[in-house]
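Because only heavy atoms are used, hydrogens play no part in the values below, and waters and symmetry mates are left out as well, while side chains stay in. Chain identifiers are assigned alphabetically (A, B, ...) following the order of the sequence lines, protein sequences preceding nucleic acid strands; residue numbering begins at 1 within each chain. Please read all numbers here as calculations on a predicted model, not as lab measurements.
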2 protein chains.
Amino acid sequence: MSRMPVAERRVQLIEAALRVACRDGIDAATVRAVAAEAGVSLGVVHYCFLDKDELLRAVAAAITEQNVASIRDIAEATDLHGLLESAVTNFWAGIIANRGEQLLGYELTTTSLRHSEMGHVAIDQYEGAWSALEVFLQDIEQGAGIRWIVPYRQLARTIVAVVDGLALAWLVDGDDEVGRAGMLGFARFLETQATPSADSENADGELDVIVRSAVERATLPA
Amino acid sequence: MSRMPVAERRVQLIEAALRVACRDGIDAATVRAVAAEAGVSLGVVHYCFLDKDELLRAVAAAITEQNVASIRDIAEATDLHGLLESAVTNFWAGIIANRGEQLLGYELTTTSLRHSEMGHVAIDQYEGAWSALEVFLQDIEQGAGIRWIVPYRQLARTIVAVVDGLALAWLVDGDDEVGRAGMLGFARFLETQATPSADSENADGELDVIVRSAVERATLPA
DNA sequence: GTCTATAGTTGGATAGAC
DNA sequence: GTCTATCCAACTATAGAC
C-alpha cells in the first residue's frame, strides 16, 4: 500500500468511499470508515483531501459522471418504438442493479441542498443529466428520423422527473415489475411527443407510429 | 414551561423538532437542538421519547399526515379540466410555499431506507400518499362525471412519481415557473386518462374533453 | 416532573515520530 | 509519504439532585 502517487491514491480513496456510501449510506461514509475500507490509515485521507466534504464532492462527481455515461450507452434501433423501448428497459435495468448507488444519489442531492459545503453538487447532478439527455434526444432524431414536438430541454427535464419519481417509489416498495411497467408506459408517452421529420428516409413507417399513438392514447402507468 | 402533561409536551416537542428540521435539515435536528428550540432542558426530551429515533418517527408521521391532508383539500369544480387545473395549481403552491418541509420529506425517506431504526417511515409516507390519491381520484369520478381508464392505484402512483420528480428538480434549481408549467402539462395528460362515465349527467360536455385531448396530444413539460 | 451534571461514544482534524 | 497518538467538539443517554 505504501509509496503511491497522490493522484492515484485519490482515486483509490474515492472508490473506497463510493463502496462504503453505497453499502451503508452517506452517514456511514466517515473518514475513518473510508480509510479502513481502503486499507490506509486515518491521516492518509486528510493528506489527499482537504477535508471530508472535498472527498464527498469527489464521490458525487464520480456518480454523476457514471449516470451521464449510462445515458450515453443506449442500444441502437431502427424505429422509434424499438429504440425507446430498449433504451428505457436498459436504463431501468441499470437502476435496479445498483440500488445502493441510486439511493446514494438522492442522499447526496438532499445533503447538497442543505449544506453549503456541498455547494454545487445537486446542480451538477441535474445539469449533467439534463444535458446528457438533450444530446440523447438529438441523436434519436437523427437515428429514427423524427422531430420532437417540444423543446429538448423541456423533454429532458420531463424524463429526469419521471425517472426520479419511479426510482424513488421503487426504492421504497422494491417492486421491480411495477417500475418497469411504469418506464415502458412512459416510453409510449414519449412516442406521442415525436413527429416524423420532413427529411426522413422512411417517413411512412414513422408516420404510422404517430398515428397509432394518437389513437391508442398513451397509458403512463407506474 | 413547567408542569405539563406528557401528551401535551410530546406535541410541543414534535412541533419544535419539525421547525428545526425544516429550517436546518434532518442532521441538525439533534436532541439538543430540539430541546433548545422548545425551551426545555435536554432531559425532558428523553423523558417524553424513548430515544431520538422515536422523536423523528413522530415528526415523519406528522409530515405524512399533513401531506395526506393537503391532498384532501382540493377545490371543487364542475368540469374535469377546471378541477384538475385548480387541484394541480393549489397542490404546487403548497409545495413551493414549504421548501423546507418538502426537502425534509425526502431526507426522511432516504434516512428511513438506510436505517432500520426508522423502520416503516418511508413506506408509510408513500402508502399514505397513494391511498389518499386513490380516494381523490374516486371523488373526481363522482364530481366530474368521468371514469379513469387505468386502475386507481396505478394512476395514483403515477401522480406521486411525477410530483416527486418535479419537486426534486424544483428543489435543485428553484424555478417556480418551470415547475408550475410541468404540473399544468401533467394535468393535461391526466385528462387523457379519463373517459365520460355512462351515467354522467352532462355527458356531452365531458365527451368534448376526451375528444380534444386525443387530438391535441398532451404535452407533458417540466 | 424537571433540571444539572456527567458518563460514554463517535468522528473530524492535526502534530509529530518514523 | 505514511503511521500512531492525541486533541477537541458534538452527540446520545442516564443518573441523581431538587
Side-chain angles (χ1 to χ4, degrees), chain A residues 1-21 23-60 104 107-108 111-112 114-119 121, chain B residues 1-17 19-21 23-60 107-108 111-112 114-119 121:
Chain A
M1 313 304 173
S2 42
R3 293 298 127 163
M4 186 180 286
V6 187
E8 199 171 333
R9 181 69 83 191
R10 279 177 64 99
V11 312
Q12 180 200 356
L13 289 174
I14 291 170
E15 284 168 0
L18 196 53
R19 279 197 303 275
V20 174
R23 193 174 60 231
D24 303 323
I26 196 172
D27 292 339
T30 66
V31 177
R32 293 178 132 85
V34 171
E37 175 81 18
V40 302
S41 67
L42 195 54
V44 176
V45 179
H46 281 293
Y47 174 74
C48 294
F49 296 91
L50 202 71
D51 57 12
K52 185 196 176 185
D53 294 317
E54 191 181 289
L55 172 58
L56 276 189
R57 283 195 297 269
V59 169
L104 177 59
E107 292 180 289
L108 285 166
T111 302
S112 165
R114 285 290 188 194
H115 306 305
S116 58
E117 316 90 67
M118 290 293 283
V121 165
Chain B
M1 314 298 177
S2 43
R3 295 294 128 163
M4 187 181 283
V6 187
E8 200 172 331
R9 181 70 81 191
R10 279 176 62 101
V11 312
Q12 181 199 356
L13 290 173
I14 291 170
E15 283 168 0
R19 277 197 303 274
V20 174
R23 192 175 59 231
D24 303 323
I26 196 171
D27 293 338
T30 67
V31 177
R32 290 178 131 84
V34 171
E37 175 81 18
V40 302
S41 68
L42 196 55
V44 177
V45 180
H46 281 294
Y47 173 74
C48 295
F49 295 90
L50 202 70
D51 57 13
K52 185 195 176 185
D53 294 316
E54 191 181 288
L55 173 58
L56 277 188
R57 283 194 297 269
V59 169
E107 291 180 289
L108 285 167
T111 303
S112 166
R114 285 292 188 194
H115 307 306
S116 57
E117 316 89 68
M118 290 293 283
V121 165

My understanding is that only residues two or more places apart in sequence, or in another chain, count here; which of them pass side-chain contact (heavy atoms from CB on, under 4.5 Å) with A:A58? A:I14, A:F49
Checking A:R57 now: which residues fulfil side-chain contact (heavy atoms from CB on, under 4.5 Å) with it, not counting sequence neighbours?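 A:D53, A:E54, A:M118, A:V121.
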Quick one: closest heavy-atom pair of A:A33 and A:A28, and the distance?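 Shortest heavy-atom separation between A:A33 and A:A28 comes out as CB-O, 3.4 Å.
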Would you compute the distance between atom OG1 of B:T111 and atom CD1 of A:I26 and round it to the nearest 0.5 angstrom?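 Nearest 0.5 Å value for the OG1-CD1 distance: 10.0 Å.
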Please report the interatomic distance CD(B:E117) to CG(B:D51), rounded to the nearest 0.5 Å. 8.5 Å
When the distance from CG of B:D27 to P of C:dT10 is rounded to whole Å, what number comes out? 18 Å
Rounded to whole Å, how long is the line connecting atom CG of A:L13 with atom P of D:dT2? 10 Å
Can you check whether B:Y47 has a side-chain N or O nearer than 4.0 Å to OP1 or OP2 of C:dT2? no
Please state whether the phosphate of C:dG1, meaning OP1 or OP2, lies under 4.0 angstrom from any side-chain nitrogen or oxygen of B:R9. no
Distance-only, no hydrogens or angles: does the A:E107 side chain make a donor-acceptor pair with backbone N or O of A:G25 under 3.5 Å? no
Summarise how protein sits on nucleotides 12-18 of chain C as a single string, 5' to 3': B when a protein heavy atom is under 4.0 Å from the base, S for sugar-phosphate-only contact, - for no contact. BBB----
